[in-house]
Peer 1: 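Below you will find the structure I want to go over with you.
All of these numbers come straight from a predicted model, not from anything done at the bench. The sequence lines fix the lettering, A, B, ..., with proteins before strands; numbering per chain opens at 1.
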Number of protein chains: 2
Amino acid sequence: MASLEPPNIVVRRLPLYLRALNLLAAEGQKITSSKDLAERLGISSAQIRKDLSHFGEFGKQGTGYEIANLSDQLRRILKLDSEWPVILIGAGDLGRALVHHSALQGRGFRIAGVFDNSPNKIGQRWGELVIQDARDLARFVRHEDIQIGIVAVPQEQAQHVVNALIESGITAILSYAPVAISVPAGIRIEYMDPILHLQRMTYYL
Amino acid sequence: MASLEPPNIVVRRLPLYLRALNLLAAEGQKITSSKDLAERLGISSAQIRKDLSHFGEFGKQGTGYEIANLSDQLRRILKLDSEWPVILIGAGDLGRALVHHSALQGRGFRIAGVFDNSPNKIGQRWGELVIQDARDLARFVRHEDIQIGIVAVPQEQAQHVVNALIESGITAILSYAPVAISVPAGIRIEYMDPILHLQRMTYYL
DNA sequence: TAGATTGTTAATCGATTAACAATC
DNA sequence: TAGATTGTTAATCGATTAACAATC
């Protein structure tokens, strides 16, 4: 039964389930079970059933889950059933990898604009995108009603850029800068820092 | 008092503390407290003290922690006091961003080799590195005694590459491929997937 | 039907927090 | 000394797991 406030830790696992389901679908599977998913993800089947139960009943006793259906449901729950336009700030290597590689396509996001403050970069074409002047950021965000920003600027500029994003109306931020950034309540921020992940493994080597 | 097996969840937070300490040091601070760190990291001061207590006593009542000392201690605990050589597999945009940006320098790691399987890429220079043939990977890993690998290849090749890495002796892997990879017990793997992070925020928008 | 798997409850497990004596 | 902050204990809180009736 869907309760009122699913714990954040549960919400954070849903994208993992969705990713596994996508993979199963790509393999041509139609049906899966909590046991099957659990093995693939390395967690317990009880946890998967419990997690899903916060949002509804998606399975069938004796059979399991229809992959296409569960996938749709998760996308709906995570609000990924339509594409979110995202802006990218920082047209460096990292930004290029994101745009070029285009891993965002098909998973709920689309890069709608790229911004930089370097005169060398502004005006350059990246595929269908033209790098824009960071000073035009707020206007773009408001006009296109963007809610999500990706920050791929040097560490020293990160807090400043985040402030500007929030000022312009952005409410969710993914930062590649390896520093804790302070944001007001109501703004969500996630971090990407490869070093952090590497440093989490060396203890065990 | 240092207990026998600190929980993994505690070990995973240590790099965050280290990062905050680095920042404080860069600001010219000499001393900090669990309260100060807690505010900066958005967690409780009790948690920081409890976490540190798994590894020893690093503070002084009434004063707090000497930043340089605590930083050294954490680096020692995490085995980051000497530089780990790392190999990178996949010389695409993402790989270039990692090498070029060189964010690894000074945080305990150094890219010792870059590998790719494309004839177009092999032989290219990236700064001081020359992209090597992926077939020479095992030899390099053994000869240079590398323990850590970063996988930045297309999704479809990720499992295959990881298998080869493990075969050659790598025991810790950072994967940029957005798929769960299966590894035998004793091998550690961490994932970098920006979409996952974005998908964890949309629920709340 | 018999077998399988769900959704849910209750028990267990583990992590976080509050509180405080020790002490710098 | 008085004030501040540690390290640690015990209490609280929350998450995970085991178990099973329901049922496809």
Peer 1: Answer yes or no: does atom CD of A:Glu27 have more than 12 heavy-atom neighbours from other residues, nucleotides or ligands under 6.0 Å?
Peer 2: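 Yes.
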Peer 1: Please determine whether a side-chain nitrogen or oxygen atom of A:Ser44 lies at a distance below 4.0 Å from atom OP1 or OP2 of D:dT17.
Peer 2: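 Checking A:Ser44 against D:dT17: at least one side-chain N or O falls below 4.0 Å of OP1 or OP2.
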Peer 1: Counting just side-chain N and O atoms, does B:Tyr65 come under 4.0 Å of either OP1 or OP2 of D:dA4?
Peer 2: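 It does not, given that no N or O in the side chain of B:Tyr65 lies less than 4.0 Å from OP1 or OP2 of D:dA4.
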Peer 1: Rounded to the Å, how far apart are B:Ile48 CD1 and C:dT17 C1'?
Peer 2: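 Rounding to the nearest Å, CD1 of B:Ile48 and C1' of C:dT17 are 13 Å apart.
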Peer 1: Are A:Pro194 and B:Ile150 packed together at the side-chain level, in the sense that at least one heavy-atom pair is separated by less than 4.5 angstrom?
Peer 2: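 No - every pair of side-chain heavy atoms lies 4.5 Å or more apart.
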Peer 1: Side chains of A:Ser53 and A:Arg49: do they bring a donor and an acceptor to under 3.5 Å?
Peer 2: no
Peer 1: Go through the side-chain N and O atoms of A:Glu167 and A:Asn163 and say whether any donor and acceptor fall under 3.5 Å apart.
Peer 2: no
Peer 1: If I compare all heavy atoms of B:Tyr191 with all of A:His197, which pair ends up nearest, and what's the gap?
Peer 2: O-CE1, 3.5 Å
Peer 1: Would A:Ile195 and B:Leu104 count as a side chain to side chain contact (heavy atoms under 4.5 Å, CB included) here? Give the steps.
Peer 2: CA-CA 6 Å; A:Ile195 313 291; B:Leu104 282 75; 3.5 Å; yes
Peer 1: Would you say the side chain of A:Leu205 lies within less than 4.5 Å of the side chain of B:Ile148, judging by non-hydrogen atoms?
Peer 2: yes
Peer 1: What protein N or O atoms touch nucleotides 19-22 of chain C N or O atoms at under 3.5 angstrom, if any, and at what distances?
Peer 2:
residue, atom, partner, partner atom, Å
C:dA19, N6, B:Arg49, NH2, 3.2

Peer 1: Where do N or O atoms of nucleotides 10-12 of chain C meet protein N or O atoms at under 3.5 Å, pair by pair?
Peer 2:
none

Peer 1: Whole angstrom is fine here: how far is it from CD in A:Glu57 over to C1' in C:dT9?
Peer 2: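 Computing the A:Glu57:CD to C:dT9:C1' distance gives 14 Å.
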Peer 1: List DNA chain D stems (3 or more consecutive Watson-Crick/G-U pairs, under 3.5 Å)?
Peer 2: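 When the pairs of DNA chain D are grouped into runs of at least three, the stems are C:3-24 with D:3-24.
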Peer 1: How close do A:Thr202 and B:Lys79 get, counting heavy atoms only, and between which atoms?
Peer 2: O-CD, 3.6 Å
Peer 1: Would you say the side-chain atoms of A:Asp116 pair up with the backbone N or O of A:Lys121, donor to acceptor, closer than 3.5 Å?
Peer 2: no
Peer 1: Would you mind reading off the distance between A:Ile9 atom CD1 and C:dA15 atom P, rounded to a whole angstrom?
Peer 2: 11 Å
Peer 1: Round to the nearest Å and state the distance from A:Phe55 atom CZ to C:dT6 atom P.
Peer 2: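 Going from CZ in A:Phe55 over to P in C:dT6 covers 17 Å.
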Peer 1: Pick base, sugar-phosphate or nothing for A:Ser34, based on heavy-atom distances below 4.0 Å to the nucleic acid.
Peer 2: sugar-phosphate
Peer 1: Starting at the 5' end of DNA chain D and moving along, which residue's nearest nucleotide shows up first, A:Lys60 or A:Ile43?
Peer 2: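 Comparing both residues, the 5'-ward one is A:Ile43.
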Peer 1: Using whole Å, report how far CD of B:Gln47 lies from P of D:dG14.
Peer 2: 14 Å
Peer 1: Can you check the B:Leu52 CG to C:dT16 C1' distance for me, whole Å?
Peer 2: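 That distance rounds to 15 Å.
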Peer 1: Could you check which of D:dT6, C:dT8, D:dT16 has an atom nearest any side-chain atom of B:Ser33?
Peer 2: D:dT6
Peer 1: Just the rounded figure in Å: distance from P of D:dT6 to CG of B:Asn69.
Peer 2: 13 Å
Peer 1: Using a 4.5 Å cut-off on heavy atoms from C-beta on, say whether the side chain of B:Ile187 contacts that of B:Leu165.
Peer 2: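 Side chain of B:Leu165 against side chain of B:Ile187, heavy atoms only: no contact under 4.5 Å found.
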Peer 1: Under 4.0 Å between a side-chain nitrogen and a carboxylate oxygen: does that hold for A:Asp72 and A:Arg76?
Peer 2: no
Peer 1: Within this structure, what is the CZ-to-P distance between A:Arg12 and D:dA15, rounded to whole angstrom?
Peer 2: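 Answer to the nearest Å: 13 Å.
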Peer 1: Nearest 0.5 angstrom please: A:Gln47 CD to A:Leu41 CG, how far?
Peer 2: 10.0 Å
